[in-house]
Amino acid sequence: MQRHFLLIEDDSNIVDFMEVVLQREHYNFTSVGTGMEALMLLQEETIDFILLDLGLPDIDGMELLKIIRKRMNTPIIVISARKDEQDKVQALDLGADDYVTKPFSTNELFARIRTALRHMETASFRSSILVNKELTIDFDKKILYKNKKEIHLTKNEYRIMAVMFKNLGKVVTYDTLTSEVWGPIAADAQTLRVNISNIRKKIETNTLQPEYLITEIGVGYRLREYPTETSI
């Protein structure tokens, strides 16, 4: 099935470039230059993936992201010249699947696109067991395994890993992670760091060069995605 991509971008040079690279990957492609055009098109057509620039002439990209996310679960990657960490955090908290800063390489962009598409498909057909390289999580039993051996986690350490597996390959912001794990009375940043450090000691071969729990400095954490292997 050919994916239908929507690019929301008012820079004609970026539009021309993206048209070439998306068509080269055999994606169906539509572009609009304003937020209002995007909202009208989303009402009329089925869109499988959205690439969103934040600097639009009529609606702030963050506000548009909020509106779109309330209406649909379509994967959204923000492509923006804004490099401030707070912009990344805000976009991810509003529901963006990822955030790529300009200028970017096409290899990086398509890697992020593939991850977002896999996440969408996994969310639609999620089993109770997910495998990520040597790690396996069983959501029903609430157990994490490494190389088929149970890893003994505290309740909050398991909750952290459950959130990370449900967002496999995506950045999870600090605020999102603490609210998902600790609820309305969110833990402070130091408590989260201590829990992450303890998890790394249990799952990583080298905690100084983690294979799995990757820190996105100033933003949050990402559970690095590896090809799926046979489950336990």
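This one's a predicted model, so the numbers in the text were calculated from it and none came from an experiment.
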**Q** Could you please spell out the steps behind the side chain to side chain contact (heavy atoms under 4.5 Å, CB included) verdict for L7 and F5?
**A** CA-CA 6 Å; L7 173 64; F5 274 62; over 6 Å; no
**Q** Compare all side-chain heavy atoms of Y99 with those of V171 and state whether any distance is below 4.5 angstrom.
**A** no
**Q** Using the rule given for salt bridge (Lys or Arg N to Asp or Glu O under 4.0 Å), can you reason through D93 versus R69, listing the C-alpha separation, both sets of side-chain angles and the distance that settles it, and then say yes or no?
**A** CA-CA 11 Å; D93 279 340; R69 186 48 81 221; over 6 Å; no
**Q** For the OH atom of Y212 and the CD atom of E225, what is their distance to the nearest 0.5 Å?
**A** 12.5 Å
**Q** Check whether any side-chain heavy atom of L42 sits under 4.5 Å from a side-chain heavy atom of I68, and report yes or no.
**A** yes
**Q** So, does D138 use its side chain to make a donor-acceptor pair with the main chain of I129 at under 3.5 Å?
**A** no
**Q** Please name the pair of heavy atoms, one in L65 and one in A91, separated by the smallest distance, quoted to 0.1 Å.
**A** CD2-O, 3.4 Å
**Q** Is there a chain of hydrophobic side chains (I, L, V, M, F, W, Y, each step under 4.5 Å between heavy atoms) that links I199 to V172?
**A** yes
**Q** How many angstroms lie between atom CD of E211 and atom CG of L135, to the nearest 0.5 angstrom?
**A** 9.0 Å
**Q** Atom OG1 of T115 and atom CZ of R224: how far apart are they, to the nearest 0.5 Å?
**A** 11.5 Å
**Q** Quick check: closest heavy atoms across D10 and G55, and the distance to 0.1 Å?
**A** OD1-O, 3.4 Å
**Q** Side chains of L6 and T74: does their closest heavy-atom pair fall under 4.5 Å?
**A** no
**Q** Does any donor atom in the side chain of R200 or T215 lie under 3.5 Å from an acceptor atom in the other side chain?
**A** yes
**Q** Please test N195 against N198 for side chain to side chain contact (heavy atoms under 4.5 Å, CB included), starting from the C-alpha separation and ending with a verdict.
**A** CA-CA 5 Å; N195 277 267; N198 289 337; 5.5 Å; no
**Q** Just so I know, are the side chains of Y226 and E134 near enough to count as touching, which here means a heavy-atom distance under 4.5 Å?
**A** no
**Q** Quick check for you: to the nearest 0.5 Å, what is the distance between I14 atom CD1 and D53 atom CG?
**A** 8.0 Å
**Q** Kindly check if the number of other-residue, nucleotide or ligand heavy atoms within 6.0 Å of NZ (K146) is above 12?
**A** yes
**Q** Out of I214, V163, L177, which one pairs with Y221 under the side-chain contact (heavy atoms from CB on, under 4.5 Å) rule?
**A** L177
**Q** Counting heavy atoms not belonging to K102, are there more than 12 under 6.0 Å from its NZ?
**A** yes
**Q** Specify the closest pair of heavy atoms between T34 and P57, including all atoms of both residues, with the distance to one decimal.
**A** CG2-CG, 3.9 Å
**Q** Can a donor-acceptor pair be found, under 3.5 Å and without considering hydrogens, that links the side chain of D58 to the backbone of M36?
**A** yes
**Q** Between E157 and K202, is there a salt bridge with N-O shorter than 4.0 Å?
**A** yes
**Q** What is the minimum heavy-atom distance between D97 and A116, and which atoms define it?
**A** CB-CB, 4.2 Å
**Q** Do E204 and T207 have side-chain N/O donor and acceptor atoms under 3.5 Å apart?
**A** no
**Q** If I compare all heavy atoms of L192 with all of Y174, which pair ends up nearest, and what's the gap?
**A** CD2-CD2, 4.0 Å
**Q** With heavy-atom distances below 4.5 Å as the criterion, would you say the side chains of M62 and L54 are in contact?
**A** yes
**Q** Side-chain heavy atoms under 4.5 angstrom apart, residues restricted to Ile, Leu, Val, Met, Phe, Trp, Tyr: same cluster for I79 and L64?
**A** no
**Q** Can you establish whether the number of heavy atoms outside K201 located under 6.0 Å from its atom NZ is more than 12?
**A** no
**Q** Does M72 have more than 12 heavy atoms from other residues, nucleotides or ligands lying within 6.0 Å of its CE?
**A** yes
**Q** I'd like to know if D98 pairs up with R222 as an ion pair, taking the criterion as any Lys NZ or Arg NE/NH1/NH2 lying under 4.0 Å from an Asp or Glu carboxylate oxygen.
**A** yes
**Q** How far apart are the closest heavy atoms of S31 and V15, and which atoms are they?
**A** OG-CG1, 3.5 Å
**Q** Does L153 form a side chain to side chain contact (heavy atoms under 4.5 Å, CB included) with K142? I'd like the steps, not just the answer.
**A** CA-CA 10 Å; L153 300 176; K142 296 185 178 180; over 6 Å; no
**Q** For a 4.5 angstrom cut-off between non-hydrogen side-chain atoms, does K88 reach T173?
**A** no
**Q** Would a single hydrophobic cluster contain both L22 and L41, if residues Ile, Leu, Val, Met, Phe, Trp and Tyr are joined by side-chain heavy-atom contacts under 4.5 Å?
**A** no
**Q** Would you find a donor on one side and an acceptor on the other, under 3.5 Å apart, between the side chain of D84 and the backbone of Q86?
**A** yes
**Q** Looking at Q209, I'd like to know if its CD atom is crowded, meaning that more than 12 non-hydrogen atoms belonging to other residues, nucleotides or ligands lie closer than 6.0 Å.
**A** no
**Q** Could you tell me whether a side-chain N or O of E63 sits under 3.5 Å from a main-chain N or O of D60, the two making a donor and an acceptor?
**A** no
**Q** Measuring from atom CD1 of I113 to atom CZ of F49, what distance do you get when rounded to the nearest 0.5 angstrom?
**A** 5.0 Å
**Q** For a 4.5 angstrom cut-off between non-hydrogen side-chain atoms, does V21 reach Y27?
**A** no
**Q** Shared ILVMFWY cluster between V78 and M18, side chains joined below 4.5 angstrom?
**A** no
**Q** Is there a chain of hydrophobic side chains (I, L, V, M, F, W, Y, each step under 4.5 Å between heavy atoms) that links F17 to I77?
**A** yes
**Q** Pair L213, I196 - check side chain to side chain contact (heavy atoms under 4.5 Å, CB included), show working.
**A** CA-CA 8 Å; L213 270 179; I196 292 291; 4.1 Å; yes
**Q** As an exercise, state the distance from NE2 of H4 to OG1 of T30, rounded to the nearest 0.5 Å.
**A** 3.0 Å
**Q** If we only count heavy atoms from C-beta on, is the I203 to L144 side-chain gap below 4.5 Å?
**A** yes
